[in-house]
Amino acid sequence: MDMYDAKQLYDRLKVSEREDETLDLDARLRAMNGPLLAWYEEHARILPWRENPEGYRVWISEIMLQQTRVEAVKPYFERFLEALPDVASLASVEDDRLMKLWEGLGYYNRARNLKKAAGVIMEEYGGKMPEQYEDLLKLPGIGSYTAGAVSSIAFGHPVPAVDGNVLRVISRVTASREDILKASTKKWMETHLRETMPRDRASHFNQGLIEIGAIVCVPNGQPHCAECPLESICLAKRHNLMGEIPVKTPPKKRRLEDKTVCILECGDQVGLNKRDDSGLLASLYELPNREGHLTPEEIPEAFGLDPGEIVELEPVGPAKHIFSHVEWHMTGYRVRLKHGIPKSYIAAGKEELKTTYALPNAFGRYTKMIE
DNA sequence: AATTCGGGGAA
DNA sequence: TTCCCAGAATT
């Protein structure tokens, strides 16, 4: 290639880039549709909830997947569906059984809202899953993302499903520096995608965007642009902005809390509390605990124990548990009692601990010591 | 608009 | 450690 040809090629490329740069936003988004669908239908992962995407299954999976990784959901999904195979069984499930099915998955209000919504579906929709975005949006636990996901994936309706993956992918494709944590940014994206998405292939379009975000256009470090079907139309890639986009406001610091946890034992029985029905870990069971780090001498009074009933009081070491916004620094004691668990606690058999009572993982360091 | 809700895997 | 995940409800 001589100098002249090279220059001509370069000039043509510049022109085409300039045209591309000035592509209308909606035109750029529309340009994604073809490559995205083709890529998804080739590369979609095989996942349990994709096997038979009917309304109830898609709903349950989408709730479980809120702020929760695919790998964490897998073992819960099939077990949950086997125990509660339809809306009717979910609407009438016992609370403790429901929480036991959700134990360890976190964000326990999701499970409570699931049951509430099932009640509404029984009452208002004759037990049949609603298809429309606006109807789904009214159900407890369903926001704009989940309403879009269920309506499009299970029923094929052309509504967007904008989650964290989609926010990242679209921000990069359009080189948007809007803060993706702002509600207005998500709203903006939903409005545009609703216009530009392929109306007859909403399910694969939405899942394709999510899949790109999860597998290719990843956060934390370099995205895998070489494998991306959107590489040629992505403005972040063109300007090498993958490290700067998406823009996210930094989170604030966690609050620290000191706690003292007691394993109250008497023979085969262990003392439990039921937590308050609102706030952190609402209505789950827990090992008895108090604020602050207590000395052995402070234990009997703090936990309402008769000193004469205490056979053994053994420190069992510290533990830390990190939530999103709180951090527990725990110290623990194992207390063996002579004549039984005090009435102020729930006396649970050690086997029931595994089968009946839902305990959050925050106490795992201590519950593992009960055998 | 900002906080509160869990838990874990990966960088 | 920090980040962030197929977000939603409440304040």
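Please read all numbers here as calculations on a predicted model, not as lab measurements.
Among the atoms of the strands shown, base atoms are found under 4.0 Å from some heavy atom of A/R45. Within the nucleic acid shown, A/N361 comes within 4.0 Å of sugar-phosphate atoms alone, with no base atom in reach, counting heavy atoms only. A/K320 comes within 4.0 angstrom of the backbone, heavy atoms only, and of no base. Using a 4.0 Å heavy-atom criterion, one finds that A/L47 contacts the bases of the nucleic acid, with or without backbone contacts as well. Among the atoms of the strands shown, only primed sugar atoms or phosphate atoms (P, OP1, OP2) are found under 4.0 Å from some heavy atom of A/K186. Residue A/F323 is in sugar-phosphate contact alone, with no base atom involved, counting any heavy-atom pair closer than 4.0 Å across all strands shown. Within the nucleic acid shown, A/G279 comes within 4.0 Å of sugar-phosphate atoms alone, with no base atom in reach, counting heavy atoms only. Contact annotation for A/S61: no contact, since no heavy-atom pair falls under 4.0 Å across all strands. Looking at heavy-atom distances under 4.0 Å, A/W49 makes contact with a base. Looking at heavy-atom distances under 4.0 Å, A/G221 makes no contact with the nucleic acid at all. Within 4.0 Å of A/L280, counting heavy atoms only, lie sugar-phosphate atoms of the nucleic acid but no base atom.
B/dG8 atom C1' lies 17 Å from atom CH2 of A/W328, rounded to whole Å. Separating the NE2 atom of A/H325 from the C1' atom of B/dG8 is a distance of 17 Å, rounded to the nearest angstrom. The distance between atom CD of A/Q66 and atom P of B/dG8, rounded to the nearest whole Å, is 18 Å. At whole-Å resolution of the value, CZ in A/R254 and P in B/dG7 are 14 Å apart. Atom pair A/I322:CD1 and B/dA10:P shows a separation of 17 Å (rounding to whole Å applied). Separating the NZ atom of A/K74 from the C1' atom of B/dG9 is a distance of 14 Å, rounded to the nearest angstrom. Taking atom CG of residue A/L105 and atom P of nucleotide B/dG9, one finds them 12 Å apart after rounding to whole Å. One interatomic measurement links the two molecules: NZ of A/K253 to C1' of B/dT4, which rounds to 19 Å at whole-angstrom precision.
Across A/N273 and A/Y345, no two heavy atoms sit closer than the pair OD1-CD2, 3.5 Å. Smallest separation of non-hydrogen atoms from A/I233 and A/R28: O-NH1, 3.0 Å.
Counted within 6.0 Å of NZ on A/K350, heavy atoms from surrounding residues, nucleotides or ligands total more than 12; the atom is thus considered enclosed. Summarising the local packing, CD of A/E312 is surrounded by more than 12 heavy atoms from other residues, nucleotides or ligands at distances under 6.0 Å. The environment of NZ in A/K128 is sparse: at most 12 heavy-atom neighbours from other residues, nucleotides or ligands sit within 6.0 Å.
Taking the P atoms as reference points, B/dT4 lies 24 Å from C/dA6, given to the whole Å. For the P atoms, the distance from B/dG8 to C/dA8 is 22 Å, rounded to whole Å.
With contacts defined as side-chain heavy-atom distances shorter than 4.5 Å, the pair A/K187/A/M189 does not qualify.
Taking the ring centroids of A/F323 and A/W328, they lie under the 6.0 Å cut-off.
Residue whose closest nucleotide on DNA chain C sits further toward the 5' end, between A/R69 and A/V162: A/R69. Checking A/G106 against A/N220, the closest nucleotide of DNA chain B that is more toward the 5' end is the one next to A/G106. Nearer to the 5' terminus of DNA chain C, by closest-nucleotide assignment, is the contact made by A/E327 (compared with the other of A/E327 and A/I210). The nearest heavy atom of DNA chain B to A/R110 and to A/K182 marks one nucleotide each, and the one closer to the 5' end goes with A/K182.
Of all nucleotides in DNA chain C having an atom under 4.0 Å from a heavy atom of chain A, the first and last in 5' to 3' order are C/dT1 to C/dA9.
Of the residues A/I153, A/V70, A/L81, the one that meets the side chain to side chain contact (heavy atoms under 4.5 Å, CB included) test with A/W49 is A/V70. With A/W39 as the fixed residue, the side-chain hydrogen bond (donor to acceptor under 3.5 Å, both in side chains) test singles out one of A/E41, A/H43, A/E42: A/H43.
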